[in-house]
Amino acid sequence: MSLTGTFQVKSENRKTIWNTEEVPEGSEFDDTWDPREQPEYQILFKQCVGTEDVFFGMSRKDPSTACCEDMVIKIKLPETKYSDITLDIQDRVLDLRTTKKKLLLHLPYRVDSKNGKARFLSEEETLEVTLRVSRKFDFINFI
């Protein structure tokens, strides 16, 4: 059985193997051969509410993640010092590396990667990263 057909190449440069739109964001950080284990983590969402939201229901906010302004990622890093942590935040990717652990986390929402906060809680051996969620039309929903 033989198959014949015509195939079209979409890109202008016929030497490229894939189109850049096909490669997911953050894949340049992925390293399947890295033996370090992934730490435990939690993704939590924070919402700024006032009395007008809680008692009167005057705003359009509800308890869903669609109405949350901040994303908090808590990463357990036992036996780790603050100086051993390397953290890189992109718009949709969090890349954390230590000597023993590695975490490549594709975030559920786009974040403001330039204005985040991170703090290491040495008593709890936890890194807490707070990022502002950046969604389209938030300026309409949260006025």
Side-chain angles (χ1 to χ4, degrees), residues 3 5-143:
L3 294 174
T6 307
F7 298 98
Q8 278 188 322
V9 178
K10 293 181 181 179
S11 69
E12 297 293 322
N13 185 357
R14 294 180 185 268
K15 294 186 180 200
T16 59
I17 298 172
W18 58 78
N19 194 348
T20 55
E21 286 84 31
E22 296 174 342
V23 180
E25 183 180 355
S27 62
E28 67 269 16
F29 301 111
D30 200 11
D31 185 9
T32 56
W33 303 105
D34 194 343
R36 292 179 283 186
E37 67 180 52
Q38 179 175 312
E40 291 181 37
Y41 68 91
Q42 272 185 306
I43 299 177
L44 306 168
F45 291 91
K46 283 177 38 177
Q47 186 178 76
C48 297
V49 292
T51 54
E52 66 275 1
D53 301 312
V54 177
F55 296 114
F56 302 119
M58 295 173 65
S59 71
R60 298 181 198 171
K61 289 185 177 182
D62 59 33
S64 70
T65 59
C67 293
C68 294
E69 291 90 9
D70 294 318
M71 183 185 320
V72 179
I73 300 127
K74 292 184 176 186
I75 306 164
K76 287 287 207 184
L77 297 170
E79 301 172 7
T80 304
K81 295 184 287 187
Y82 175 74
S83 59
D84 294 338
I85 299 172
T86 303
L87 181 65
D88 184 21
I89 308 281
Q90 303 294 322
D91 290 343
R92 295 289 305 237
V93 176
L94 178 139
D95 182 27
L96 174 119
R97 295 173 192 243
T98 68
T99 53
K100 297 179 183 177
K101 307 271 185 181
K102 179 189 92 163
L103 176 65
L104 177 70
L105 182 62
H106 294 271
L107 302 172
Y109 294 108
R110 184 173 298 279
V111 297
D112 181 5
S113 59
K114 306 286 187 249
N115 297 315
K117 297 177 187 173
R119 65 181 183 157
F120 186 66
L121 307 171
S122 56
E123 310 84 40
E124 300 172 19
E125 297 181 318
T126 303
L127 179 68
E128 187 176 280
V129 181
T130 304
L131 303 166
R132 179 65 58 155
V133 175
S134 175
R135 288 183 290 254
K136 291 182 180 180
F137 305 116
D138 275 356
F139 64 94
I140 294 173
N141 297 329
F142 299 131
I143 296 181

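This chain uses plain numbering: 1 for the first residue, then up along the sequence.
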#### Entry: Atom of S113, atom of D91 and distance for their closest heavy-atom approach
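For S113 versus D91, the nearest heavy atoms are OG-OD1, 3.1 Å.
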
| task | Please report the shortest heavy-atom distance between F120 and I85, naming the atom on each side. | result |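 Shortest heavy-atom contact: CD1-CD1, 3.7 Å.
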
Please determine whether side-chain contact (heavy atoms from CB on, under 4.5 Å) holds for the pair L94 and V111, giving the CA-CA distance in whole Å, both sets of side-chain angles, and the decisive distance to 0.1 Å. CA-CA 10 Å; L94 178 139; V111 297; over 6 Å; no

Heavy-atom donor-acceptor pair, R92 side chain to L107 backbone, under 3.5 Å: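 Side chain of R92 to backbone of L107: a pair is present.
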
Inter-residue atom distance [X].[atom1] - [Y].[atom2], 0.5 Å rounding:
| X | Y | atom1 | atom2 | value |
| --- | --- | --- | --- | --- |
| Y41 | I75 | OH | CD1 | 9.5 Å |
| K102 | D95 | NZ | CG | 8.0 Å |
| D70 | L44 | CG | CG | 11.5 Å |

Exercise. Quick one: list whatever passes side-chain contact (heavy atoms from CB on, under 4.5 Å) with E128, sequence neighbours left out.
Key: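 V72, K74, R119, L121.
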
Residues forming a side-chain contact (heavy atoms from CB on, under 4.5 Å) with E125, sequence neighbours excluded:
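Listed in chain order: P78.
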
Who pairs with [X] by side chain to side chain donor-acceptor pair (under 3.5 Å), at least two apart in sequence or on another chain?
| X | value |
| --- | --- |
| D112 | N115 |
| T80 | none |
| E37 | K101 |

Mind checking whether F45 and Y109 have parallel, tilted or perpendicular rings, split at 30° and 60°?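 Ring orientation, 0 to 90° scale: perpendicular.
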
Is any side-chain heavy atom of [X] less than 4.5 Å from a side-chain heavy atom of [Y]?
| X | Y | value |
| --- | --- | --- |
| L96 | V129 | no |
| Q47 | E69 | yes |
| D84 | L77 | no |

Quiz item: Which residues satisfy the salt bridge (charged side-chain N to carboxylate O under 4.0 Å, His left out) test with K100, sequence neighbours excluded?
Solution: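 Per chain and number, K100 pairs via salt bridge (charged side-chain N to carboxylate O under 4.0 Å, His left out) with E79.
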
